[in-house]
Amino acid sequence: MLKKICLSLIVTFTASMLLFAGVYIEKFIAKSESGNVTIEWTTREEGTVLRFEIERRSGNSESFMAIASVDPKGNNSEYQYIDRSAYKSADAVYVYRLKVVDKNPSVTPVYTNAVTVTHKVSSVKSTWGSIKSMFR
């Protein structure tokens with residue numbers, strides 16, 4: 001009986017946290033394919049979401065940088081973003097996370113768990129990335 005009550009409290013607490021945050025993200029993945037990194041996520045609930053911000057950092061960096069902003073589609077939606085800006089001279093490790101910004105500015109943004117990707121870059125794209133970085 002005590003286990004049942006504890007489980008009920010945990011489920012209720014978790015459900016209220018999800019409702020409070022205004023979002024329920026079912027899946028968040030990133031994978032290296034075709035010289036780019038593809039980021040995908042699925043939502044169940046997007047009640048008060050203003051936007052999703054995709055953030056990235058290199059494997060050896062401490063801080064994340066916003067690379068894209070995506071508007072919400074509504075509950076039970078699937079999203080895909082292709083990061084075409086991941087250039088390195090050799091295979092690189094990137095870490096991605098999703099920042100969920102609420103419509104109410106007083107609500108603190110929610111972050112997904114970070115996912116790590118070992119990105120394989122073609123030699124042509126790698127050379128272009130090196131040239132591009134010289135002019136930044």
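As the structure is a computational prediction, the values presented were derived from the model and not from experiment.
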Could you tell me if the side chain of Tyr24 sits less than 4.5 Å from the side chain of Asn75, heavy atoms only?
no

Margin query: Between Asn60 and Ser58, is there a side-chain donor-acceptor contact under 3.5 Å, judged purely by atom types and distance?
Written below: yes

Exercise. When hydrophobic residues are tied together by side-chain contacts of less than 4.5 Å, even through go-betweens, does Ile54 share a cluster with Phe64?
Worked result: no

Looking only at heavy atoms, the pair that brings Thr43 and Gly74 closest together is OG1-O, 3.9 Å

(request) Assess whether side-chain contact (heavy atoms from CB on, under 4.5 Å) is satisfied between Val93 and Thr116, documenting all intermediate values. (result) CA-CA 7 Å; Val93 175; Thr116 303; 3.5 Å; yes

TODO: State plainly whether one hydrophobic cluster holds both Val115 and Ile39, where clusters connect Ile, Leu, Val, Met, Phe, Trp and Tyr through side-chain heavy atoms under 4.5 angstrom apart.
DONE: yes

With a 4.5 Å cut-off on side-chain heavy atoms, are Glu46 and Ser77 touching?
yes

Distance col, row Asn36:CG vs Ile82:CD1, nearest 0.5 angstrom, shows 6.5 Å

Q.
Measuring only between side-chain heavy atoms, which start at C-beta, is Pro109 closer than 4.5 Å to Glu53?
A. no

Q. Checking Thr112 side chain against Leu98 main chain: does a donor-acceptor pair fall under 3.5 Å?
A. yes

Heavy-atom nearest pair, Arg97 first then Ala114, reads CB-CA, 4.2 Å

Q) Would you find a donor on one side and an acceptor on the other, under 3.5 Å apart, between the side chain of Glu55 and the backbone of Ala66? A) no

Heavy-atom closest pair (Gly47 atom, Lys103 atom, distance to 0.1 Å) is O-NZ, 4.0 Å

The reported gap from OH in Tyr96 to OG1 in Thr38 (rounded to nearest 0.5 angstrom) is 9.0 Å

Is there a side-chain contact between Lys73 and Phe52 (heavy atoms, below 4.5 Å)? no

ask   = Should Glu45 and Val23 count as side-chain neighbours, where that means a heavy-atom distance under 4.5 Å?
value = no

Distance col, row Glu78:CD vs Glu40:CD, nearest 0.5 angstrom, shows 8.0 Å

(message) Please tell me whether Arg56 and Ser85 have a donor and an acceptor in their side chains that are separated by less than 3.5 angstrom.
(response) yes

So, do Ile25 and Val100 sit near enough that their side-chain heavy atoms are less than 4.5 Å apart? yes

Ile67 versus Asp83: any side-chain heavy-atom pair under 4.5 Å?
-> yes

Checklist entry - Is it true that Val70 and Val101 fall in one hydrophobic cluster, defined by side-chain heavy atoms closer than 4.5 Å? => result no

Note to self: If you count every heavy atom of other residues, nucleotides or ligands that lies below 6.0 Å from Asn113 atom CG, does the total exceed 12?
What the structure shows: no

Interatomic distance, CZ@Arg44 vs CG@Asn76, rounded to 0.5 Å, equals 5.0 Å

| request: Would you please classify the geometry between the Trp41 ring and the Tyr79 ring as parallel, tilted or perpendicular, with 30° and 60° separating the classes? | output: parallel

*asked:* Whether the side chain of Lys31 engages the backbone of Val37 through a donor-acceptor N/O pair (distance < 3.5 Å, no angle test) should be reported.
replied: no

